[in-house]
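On a predicted model such as this, the values are computed, not experimentally measured, just so you know.
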Amino acid sequence: MIKPLSWKTVLSLTLLTFTVGCSPQSNPSQPSANENEIDSVSVAESPAAAELTQKPTIPSLASPDNPDPAIQAQIEQYMNGLAAKGFAKENHGIWIQAGNTLLANYQGTVPLPAASLTKIATSLAALQTFGPDHQFITLIGATGVVENGVLQGDLVIEGGEDPFFVWEEAIAIGNLLNQMGIQQVAGNLIITGKFYMNFEFDPFKSGTLLRQGLNHQLWTPEAQTQYQTLPPDTPKPQVAIAGSVQVSPTPPSNVQPLIRHYSFPLAELIKKMNQYSNNKMAEMLANSVGGANVVAQQAAAATGVPQAEITLVNGSGLSDQNKISPRAASGLFLAIARYLQPYNMTLGDILAVVGQDEGILNERPLPPFAIVKSGSLNNVSALGGALPTQQQGIIWFSTMNRGYNLEGFRAQQEALLQSFTSQWGAVQSLPEPLQPNPERANKTSSNEVLNPG
C-alpha cells in the first residue's frame, strides 16, 4: 500500500477558497462573509468492545422550561440591545445549557435560518450512515496491456463519491502509474460513477482536471502551487493521455483494476469540511446519505426534537430556507458527541478547536478551546457548539441572528461568549470530553496497487 502525504499538504487551500462559505456572495460592507457509493469500505457499526463505564455522560437536551433566571435576564438584555438597534426580536434565538440544566432559552424552539450550522446535521447523518472510519473508494483500471510504457487501451476511473479527491491525490496516482510502467495512454480517459475532483460535481470537468493532474506538463498554476507543498523529493508524474475525456454510465466490460484509492476516513473528511465550511463537500456528503430530506429526518430523530424544528433544502446551508431551531442545533452537537463516544472520539475530532485548528474561525476573537461551527449568509449569522468553562463545565449553546448586520452580529456573538468565560472562568486546556483522539492525527488517504503489471 502506498501511503500518501500528510493531510496538511492536501487541503488545497486555493480550491477551498473558491468553494467555502454559506454565502453565494460577499457582503461588500465588511470582510467576506464566507465561511468560507459505488463502493463501500465499511458501514456504520458500533465498536465491538466499547468501554463506556469510565467515560463522562453526555448530557441530553434540557427541558425548554424554567431557565436560570439570572442568565435568562442577561439574554433578554442582549435581545433588547438588538431591538434597540432596529433588529426585530423574532428574528433571533438562543439556547444555552450546562449539563442537563437549561440556562437560557430565547425562541429556542423556533426554527430559524441556520446557514452553515446545517453542516452539523449533515455531519451527524453521514456519521450515522457510514461510521467515522468509512472510506470512499475510487478505482483506477485499464482496458489494455502496457507495451513500452504505453497503455494500449483506455484508463478508466470508477468514482465512489470521494469528496476530497484533489490535486495531490491525482499527483500520487500519476506517480504510481509511472511506477507501474505507464507513461502514456493510447486511448481515452473514461469516467464512470460519481467521481469528484477539486470539488467539481460534473464528471467531465472532474475528468479534465484529473487528466491535467496526471501529467505535469498540463498542470495549471493551482496544481503547481499545490505541488510546492509536497515533500521536495516528490516526483512530477507524466501520464500523457492521447484520447479524450469520456463519461460513461458503466465501466467497460474488459476493464482490469490497477489501483484502489481510499479516501480520508469520514471523520477526517467531516473535520476538513467543517474547518473550512466547504459547501461542496457538504453537498457531496449529504447526497451520499440520500439528500437533504434524509439528513433532516435523521437529525430530528437523533436529537429528539419535532421534525418541524429541522427543515432543510440542501446539506450545506446555502439557503435561508434551511431552518433549525437553536435547541435542535445544540441537540445536534450533543448527538454527535454521544455518537462518537464509543469510538473514543469527541467533537474535537470533527470540528475546529479555537486556537488549535486552522480554518475560517482563525480571525474571530472567540474563547480559546471553544469547539464551534459558524454560519453566514448575507442576512444570517449563526454560531453554536461547546464552550468549556471552569464553574459551569461545558456550555452547549446555539445563537442565531437574522438581519443585514453580519459584522455586528458576529461581534456580539463573540462578546457574549467572552462574557461567559469572564463570568464562569476560562479553562487552560481542553477538558477530556472535548479532547480529540490523538490516534486520529495520522489518518489519511491511501492507494493500493491491485495489478502491478
Side-chain angles (χ1 to χ4, degrees), residues 52-82 92-109 117 120 303 326-338 340-341 345-357 361 364-374 382-401 409-436:
L52 298 177
T53 55
Q54 302 300 318
K55 296 182 182 298
T57 301
I58 305 297
S60 301
L61 268 178
S63 166
D65 304 315
N66 302 314
D68 181 279
I71 308 304
Q72 184 70 19
Q74 286 182 248
I75 298 305
E76 295 282 352
Q77 185 177 7
Y78 177 83
M79 292 299 174
N80 289 337
L82 291 175
H92 309 278
I94 285 182
W95 181 272
I96 307 171
Q97 69 176 80
N100 293 307
T101 301
L102 181 66
L103 299 182
N105 171 12
Y106 189 92
Q107 294 205 124
T109 60
L117 288 191
I120 304 304
T303 57
R327 170 174 74 167
S330 290
L332 289 171
F333 291 106
L334 288 164
I336 290 176
R338 281 193 298 273
L340 290 175
Q341 193 174 55
M345 298 169 65
T346 74
L347 278 184
D349 287 299
I350 60 101
L351 287 166
V353 181
V354 174
Q356 294 191 358
D357 292 319
L361 297 174
R364 297 191 63 174
L366 295 164
F369 306 115
I371 297 182
V372 297
K373 181 74 190 76
S374 60
L383 188 70
L387 174 67
T389 67
Q390 291 184 21
Q391 296 176 19
Q392 293 279 8
I394 298 172
I395 303 299
W396 302 88
F397 75 95
S398 295
T399 176
M400 299 178 182
N401 304 106
F409 290 151
R410 286 181 170 185
Q412 289 167 318
Q413 292 164 2
E414 292 152 6
L416 183 64
L417 293 191
Q418 296 289 1
S419 72
F420 290 156
T421 57
S422 296
Q423 184 174 351
W424 298 321
V427 298
Q428 301 305 309
S429 63
L430 271 174
E432 181 182 352
L434 298 179
Q435 290 177 7

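Here the CD1-CD distance, from Ile371 to Gln356, works out to 8.0 Å after rounding to the nearest 0.5 Å. The structure places OG of Ser60 at 11.5 Å from CH2 of Trp396, a figure rounded to the nearest 0.5 Å. Rounding to the nearest 0.5 Å gives a distance of 8.5 Å between OG1 of Thr399 and CG of Leu417. To the nearest 0.5 Å, atoms CD (Gln413) and OG (Ser374) are separated by 8.5 Å. To the nearest 0.5 Å, atom CG of residue Leu434 and atom CZ of residue Phe369 are 11.0 Å apart. Put simply, CD1 on Ile336 and CD on Gln341 are 14.0 Å apart, with the number rounded to the nearest 0.5 Å.
With sequence neighbours excluded, the residues that form a side-chain hydrogen bond (donor to acceptor under 3.5 Å, both in side chains) with Gln72 are Glu76. In this view, Phe409 and Phe87, His92 satisfy the ring-ring contact (aromatic ring centres under 6.0 Å, His included) rule, not counting sequence neighbours. Partners of Gln390 according to the side-chain hydrogen bond (donor to acceptor under 3.5 Å, both in side chains) rule, which considers only residues two or more places apart in sequence or in another chain, do not exist here. By the side-chain hydrogen bond (donor to acceptor under 3.5 Å, both in side chains) test, Gln423 pairs with Gln74, sequence neighbours left out. Listed by chain and number, the residues in a salt bridge (charged side-chain N to carboxylate O under 4.0 Å, His left out) with Arg364 are Glu414 (sequence neighbours excluded). Here Ala370 pairs with Val354, Val372, Leu387 under the side chain to side chain contact (heavy atoms under 4.5 Å, CB included) rule; sequence neighbours left out. With sequence neighbours left out, the side chain to side chain contact (heavy atoms under 4.5 Å, CB included) criterion links Gln418 to Pro367, Thr421.
Listed by first and then second residue, the side-chain hydrogen bond (donor to acceptor under 3.5 Å, both in side chains) pairs involving residues 94-107 are Trp95-Gln97 (not counting sequence neighbours).
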Identify every side-chain donor-acceptor pair in residues 61-71 under 3.5 Å, counting partners at least two apart or on other chains, and give the distances.
residue: Ser63; atom: OG; partner: Asp65; partner atom: N; Å: 3.3
residue: Asp68; atom: OD1; partner: Ala70; partner atom: N; Å: 3.0
residue: Asp68; atom: OD1; partner: Ile71; partner atom: N; Å: 3.0

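Here the shortest heavy-atom pairing between Gly93 and Pro326 reads C-CG, 3.7 Å. Closest heavy-atom contact between Leu347 and Phe333: CD2-O, 3.7 Å. Pro436 and Val353 get closest at one heavy-atom pair: CG-CG2, 4.4 Å.
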Decide yes or no on side chain to side chain contact (heavy atoms under 4.5 Å, CB included) for Phe397 and Leu103, but give the supporting numbers first. CA-CA 10 Å; Phe397 75 95; Leu103 299 182; over 6 Å; no

Derivation of the side chain to side chain contact (heavy atoms under 4.5 Å, CB included) call for Lys373 and Leu383: CA-CA 6 Å; Lys373 181 74 190 76; Leu383 188 70; over 6 Å; no

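Under the 3.5 Å distance criterion, the side-chain polar atoms of Thr303 are left unmatched by any main-chain donor or acceptor of Gly331. Between the Thr389 side chain and the Ala426 main chain, no donor and acceptor come within less than 3.5 Å of each other.
The side-chain heavy atoms of Leu332 and Leu117, taken from C-beta on, include no pair separated by under 4.5 Å. Residues Pro59 and Leu334 are in side-chain contact: their nearest non-hydrogen atoms beyond the backbone lie under 4.5 Å apart.
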